[in-house]
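For reference, the structure is listed below as structure tokens.
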Number of protein chains: 2
Amino acid sequence: MATIKDVARLAGVAISTVSYALNGSEKISPATREKVIGAARQLNYQKNGFASDLKRTKTNTIALILSDLAGPYYSELTKGVQEVSVANGYDLIACSSKGGPLSTATKFLKEKRVDGAIILAHNISDEVIVESARQGFPIIVLDRHLENEFVIQVEVDNFQGGFVATEHLIEKGLKDIAFISGPPRSHDSKMRYKGYATALKEYKLDVNGKWEIHGDFTREGGYRATKMLIAQGRLPEAVFYANDEMAIGGIQAFQENKIRIPEDISVIGYDDIQLAEFMTPPLTTIRQPKYEAGALAMHIILQQLAGVEVNSYYKLSTELITRKSVK
Amino acid sequence: MATIKDVARLAGVAISTVSYALNGSEKISPATREKVIGAARQLNYQKNGFASDLKRTKTNTIALILSDLAGPYYSELTKGVQEVSVANGYDLIACSSKGGPLSTATKFLKEKRVDGAIILAHNISDEVIVESARQGFPIIVLDRHLENEFVIQVEVDNFQGGFVATEHLIEKGLKDIAFISGPPRSHDSKMRYKGYATALKEYKLDVNGKWEIHGDFTREGGYRATKMLIAQGRLPEAVFYANDEMAIGGIQAFQENKIRIPEDISVIGYDDIQLAEFMTPPLTTIRQPKYEAGALAMHIILQQLAGVEVNSYYKLSTELITRKSVK
DNA sequence: CTGTTAGCGCCTTCAG
DNA sequence: CTGAAGGCGCTAACAG
């Protein structure tokens, strides 16, 4: 590969001249500029990205850290992040935190290969984040409670979402309402649960431990949890799944047992993923402003990078999407 | 941020000693090693990724280039790519080619910030790819026809897929079969069309230009194309959509016009995306071995990086998934 | 306007 | 086993 040196030699100028010419500085005469550009083209020269980043201690790229690149559920969020970043001339890369301390995400975070990061991944520890966070390196965490001078939290009001979902069920006359949670580490899941429990209390209904089952945000988890629920004998009147994926698994379990939705049991999900409206019956659920969350996160990063003072906490609200899975 | 220099100073040794100790070289005594590690920990030292990459001219990371990070349809493929890469200790980053020559993808490719790339994106030109391809920098292209000494093509046998889909329709007694294509630049779409046309010919059926409509692989595109089809007056007996997304849009259009599937018209898609089985009716389609394609692509890269000679072309075959959208 | 110079942070001979 | 020295490719003062 040709380096800047080769270009300089071929063009018969100094290395710095090449650098200036190629980076569009004004102080180079059009003639030499042409000469340099010609030489560069001739050698098929491309600057080495590291070298310049090393020098400038800035990469102009932001990392979006996801727990698993293959998950299709980040789509809207990613879109928000992406649009804002390209609009501001920043590069965006997505990397996975799969593999824990050895993961790509950890590497990029720790070795400061990026200028900032947005993290939506539970399999990356608070510790790693705190170690990496520092002045001038903005980190935004989504769905995570983490107080630190240098990290900023963006969250959806999951308490409200959980409350609204439960209230909707109650208003439809449903009283026995089960809750299938997400993984224990999920802050989101916890808050949804709180919303659920609070709604029950507010309407003077029992919060019955028997109807709280642990899931894990996966379809299989929802399926298994629902099987357990069915196995318990008596069924609740409604089930609130902490996310849509689990609701889908649950619906499958009900259908296999000839339990009709919503006639025999009502179900409500959370997220409003693409699939939700295509289910039979279409799934009533809580929509999260994912696009907005992504866009906001990226905005905050850019502001921080620009030296603007920002809040350390942001909350977005949810919306109930009524479809056919609730009586 | 602490640098290697600071660690050396604190530990009271030379910089090279720190480097050796931290990189696990044998020539350092356990005692000094401990001292160094202690100092590093104390300073919360993290090496600067660029600097070492710059020196070693190797990044240990592979880029997966997608036309749009937000598209949820790469899920399976990404999974294949990811699993193979982590299993081999390589880092993987996904980047978008949105933005053409200024995109993150182009930058990473040209400025050699990665050791290799897998490209599944039509909005990145052959030219950019060819310019970047060179000895020792493996590039795999998916769904693209590009002959070059340094680029390797992995493709799914779309001709076969198109043929099988069409043949299935014909075997069900359907004769008037429309084809909704993808975007003109898509090599995949073209090959599917060829399979379609060939099947028609082989069964002595007319290839009727009136029933070939241009789509763009999006749901909206499928919807619009279908509206056009309906507007033409007489309906075909079946429609072969070049991908599932368009089929979904198409089904919606038919439903809005009270045209029943499969009673009034049969539809077949292509891809077998997640949604396909949840449609009403569940969509008959052609499954592509996407996971395998991703895993294969990554394997090839690793082999190349290891200096193994590899073929320059790979083809994978498809599978017909029969559900309820064909009479 | 152009060239010289001094690093960015790290790795790697090469002599002690 | 350790330390000094050189350089990866590029940028940015600072002179000329």
Side-chain angles (χ1 to χ4, degrees), chain A residues 1-40 43-61 107-108 110-115 132 134 136-137, chain B residues 1-37 39-40 43-61 107-108 110-115 134 136-137:
Chain A
M1 291 298 309
T3 73
I4 198 171
K5 230 186 250 170
D6 303 315
V7 179
R9 197 179 318 133
L10 182 61
V13 299
I15 292 179
S16 58
T17 308
V18 176
S19 176
Y20 285 133
L22 261 23
N23 291 314
S25 161
E26 294 300 316
K27 33 175 136 179
I28 301 294
S29 70
T32 28
R33 163 167 295 137
E34 283 313 312
K35 211 166 45 178
V36 169
I37 292 177
L43 293 169
N44 190 18
Y45 166 76
Q46 281 303 145
K47 81 165 166 200
N48 182 320
F50 307 128
S52 72
D53 286 348
L54 173 60
K55 182 65 192 178
R56 314 191 322 195
T57 52
K58 175 142 166 48
T59 65
N60 217 257
T61 112
K107 175 174 156 189
F108 272 71
K110 290 193 148 184
E111 299 186 0
K112 38 194 143 48
R113 288 182 137 83
V114 288
D115 289 349
S132 311
R134 62 189 173 280
F137 184 67
Chain B
M1 290 297 310
T3 74
I4 198 171
K5 230 186 250 172
D6 304 315
V7 179
R9 196 179 320 133
L10 183 62
V13 300
I15 291 177
S16 59
T17 309
V18 176
S19 176
Y20 284 135
L22 260 24
N23 291 311
S25 161
E26 294 301 317
K27 29 176 138 179
I28 301 293
S29 72
T32 30
R33 162 167 295 131
E34 284 313 313
K35 211 165 46 180
V36 169
I37 292 177
L43 293 170
N44 190 16
Y45 166 76
Q46 282 302 145
K47 79 166 166 202
N48 182 320
F50 310 129
S52 73
D53 286 349
L54 172 59
K55 185 66 191 178
R56 314 191 322 193
T57 52
K58 175 140 166 50
T59 64
N60 217 257
T61 112
K107 174 173 158 189
F108 272 71
K110 291 193 147 184
E111 299 186 358
K112 38 195 144 46
R113 287 182 137 85
V114 288
D115 289 350
R134 63 188 174 280
F137 184 65

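Below, read A as the first sequence line, B as the second, and so on, with proteins coming before strands; counting in each chain starts at 1.
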>> Does C:dT2 have OP1 or OP2 under 4.0 Å away from a side-chain N or O of A:Thr32?
In response: yes
>> Nearest 0.5 Å, please: how far is CD1 in A:Ile4 from NZ in A:Lys47?
In response: 9.0 Å
>> By nearest heavy atom, map B:Thr17 and B:Leu54 onto DNA chain C; which one lands nearer the 5' end?
In response: B:Leu54
> Is any N or O donor-acceptor pair between the side chain of A:Ser16 and the base of C:dT4 shorter than 3.5 Å?
Replying inline: yes
> Quick one: is C:dG9 close enough that its OP1 or OP2 comes under 4.0 Å of any side-chain N or O from B:Thr3?
Replying inline: no
> Pick the nucleotide of DNA chain D nearest each of B:Ala51 and A:Arg56; which residue has the one closer to the 5' end?
Replying inline: B:Ala51
> Between B:Tyr45 and C:dC10, is there a side-chain N or O to OP1/OP2 distance below 4.0 Å?
Replying inline: yes
> Looking only at heavy atoms, what is the nearest atom pair of B:Gln46 and A:Lys110, with distance?
Replying inline: CB-O, 3.4 Å
> Once you round it to whole Å, what is the distance between P of C:dG3 and CD1 of A:Ile4?
Replying inline: 13 Å
> Between A:Lys47 and D:dT11, is there a side-chain N or O to OP1/OP2 distance below 4.0 Å?
Replying inline: yes
>> Between B:Asn48 and C:dC8, is there a contact of a side-chain N or O with OP1 or OP2 at under 4.0 Å?
In response: no
>> Pick the closest DNA chain D nucleotide for A:Asn23 and for B:Gly12 by heavy atoms, then say which residue is nearer the 5' end.
In response: B:Gly12
>> We want to know whether A:Thr59 and A:Asp53 form a side-chain donor-acceptor pair, criterion being a heavy-atom distance below 3.5 angstrom.
In response: no
